[in-house]
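Here is the structure we will look at, set down as structure tokens.
Please read all numbers here as calculations on a predicted model, not as lab measurements. Starting from 1, each residue takes its place in the sequence as its number. Basis for what follows: all heavy atoms, side chains included, without hydrogens, waters or symmetry-related copies.
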Amino acid sequence: MERQITCINCPVGCRLQVTVEDGVVTAVNGHGCKRGDTYARQECVAPARMVTAAIPVENRKIPVSVKTRTPIPKEKIFACMEKLSQLTVKAPVKMGQVLLTDVCGTGVDVIATKNVE
């Protein structure tokens, strides 16, 4: 099966032609760099994305921004966002602090991306 996708790893946005046979990527064409090849192979077999959000902090007007430490499977994004919508944290929060472990059984932690005193 032939698929056409656009690489999202850099601003160039190369159009990639990807051949997938029996769930295995057998060819990638159109990439301008190695990252495009890597992206196509992952995207066509097991797509994953970073998740970013903002979590309320008790007794603060400004929330803390958070992200998954690494990308999670694309099909788990909505479940992850649901879990994050139920979360409130207490100050102080330190950048890099784990606020939610193993989100949705992915093995990936959600961490703070800034300090909140």
Side-chain angles (χ1 to χ4, degrees):
M1 174 177 79
E2 189 82 17
R3 287 187 61 187
Q4 289 204 349
I5 62 174
T6 302
C7 181
I8 60 172
N9 274 332
C10 77
V12 174
C14 295
R15 295 286 298 158
L16 309 174
Q17 297 78 39
V18 185
T19 305
V20 181
E21 296 175 5
D22 297 321
V24 177
V25 175
T26 58
V28 178
N29 295 302
H31 56 288
C33 67
K34 178 71 175 156
R35 292 186 315 173
D37 181 75
T38 302
Y39 171 76
R41 291 177 186 281
Q42 184 244 320
E43 181 67 13
C44 290
V45 177
R49 299 287 186 275
M50 295 291 288
V51 174
T52 61
I55 303 296
V57 179
E58 285 184 12
N59 302 316
R60 301 291 193 277
K61 290 182 180 180
I62 299 175
V64 62
S65 55
V66 300
K67 70 173 188 164
T68 52
R69 190 181 301 273
T70 59
I72 64 170
K74 194 173 176 182
E75 67 270 8
K76 301 258 184 169
I77 291 174
F78 289 111
C80 175
M81 291 302 290
E82 179 64 28
K83 289 280 187 193
L84 294 176
S85 74
Q86 300 166 4
L87 188 63
T88 300
V89 297
K90 293 182 181 183
V93 178
K94 299 294 179 197
M95 184 170 38
Q97 179 181 337
V98 175
L99 301 178
L100 183 61
T101 59
D102 188 24
V103 65
C104 299
T106 61
V108 177
D109 297 333
V110 174
I111 60 172
T113 62
K114 70 176 187 176
N115 295 325
V116 177
E117 299 302 324

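Under a 3.5 Å cut-off, the side chain of Q42 and the backbone N or O of A46 do form a donor-acceptor pair. With N9 contributing its side chain and R35 its backbone, the two residues share a donor-acceptor pair below 3.5 Å. Remark: the backbone N or O of E58 is not paired with any side-chain donor or acceptor of T88 at under 3.5 angstrom.
Taking the side chain as every heavy atom from C-beta outward, C104 and K83 approach each other to under 4.5 Å. In this structure the side chain of T106 reaches within 4.5 angstrom of the side chain of P73, judged on heavy atoms.
Crowding of M81 atom CE: a count of heavy atoms from other residues, nucleotides or ligands under 6.0 Å not exceeding 12.
V98 and L87 sit in two unconnected hydrophobic clusters of ILVMFWY residues. Membership requires side-chain heavy atoms under 4.5 Å apart, directly or through other members. Both I8 and V45 are members of a single hydrophobic cluster when ILVMFWY side chains are connected at heavy-atom separations under 4.5 Å. If you chain together hydrophobic residues whose side chains sit under 4.5 Å apart, I72 and M50 never meet in one group.
Of the inter-residue distances, the one linking D22 atom CG with M1 atom CE reads 11.0 Å to the nearest 0.5 angstrom. The line from CZ of R3 to CD of Q17 is 12.5 Å long, rounded to the nearest 0.5 Å. In this structure, N29 CG and E2 CD are separated by 7.5 Å, a value rounded to the nearest 0.5 Å. The line from CG of L84 to CD1 of I77 is 11.5 Å long, rounded to the nearest 0.5 Å.
Heavy atoms only, all atoms of each residue included: G30 and C14 are closest at O-CB, 3.6 Å. Scanning all heavy atoms of the two residues, the minimum distance from R69 to G96 falls at NH2-O, 4.4 Å. Among all heavy-atom pairs drawn from G13 and T6, the shortest one is O-CG2, 3.6 Å. Here the shortest heavy-atom pairing between V25 and R41 reads O-NH1, 3.3 Å. Scanning all heavy atoms of the two residues, the minimum distance from V66 to A112 falls at CG1-CA, 4.2 Å.
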>> What verdict does the side-chain contact (heavy atoms from CB on, under 4.5 Å) test give for L99 and V64, after you've listed the backbone C-alpha separation in whole Å, the side-chain angles of each residue and the deciding distance to 0.1 Å?
In response: CA-CA 10 Å; L99 301 178; V64 62; 4.2 Å; yes

>> Evaluate Y39 against I5 for side-chain contact (heavy atoms from CB on, under 4.5 Å), listing each step before the verdict.
In response: CA-CA 10 Å; Y39 171 76; I5 62 174; 3.9 Å; yes

> Step by step, would you call V103 with K76 a side-chain contact (heavy atoms from CB on, under 4.5 Å)?
Replying inline: CA-CA 9 Å; V103 65; K76 301 258 184 169; over 6 Å; no

>> Before you tell me yes or no, could you show the steps for I62 and V57 under side-chain contact (heavy atoms from CB on, under 4.5 Å), namely the whole-Å CA-CA distance, both residues' side-chain angles and the distance that decides it to 0.1 Å?
In response: CA-CA 7 Å; I62 299 175; V57 179; over 6 Å; no

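A salt bridge links R49 to E43: at least one charged side-chain nitrogen sits closer than 4.0 Å to a carboxylate oxygen.
Tested against I111, the residues K67, K94, M95 include a single side chain to side chain contact (heavy atoms under 4.5 Å, CB included) partner, K67.
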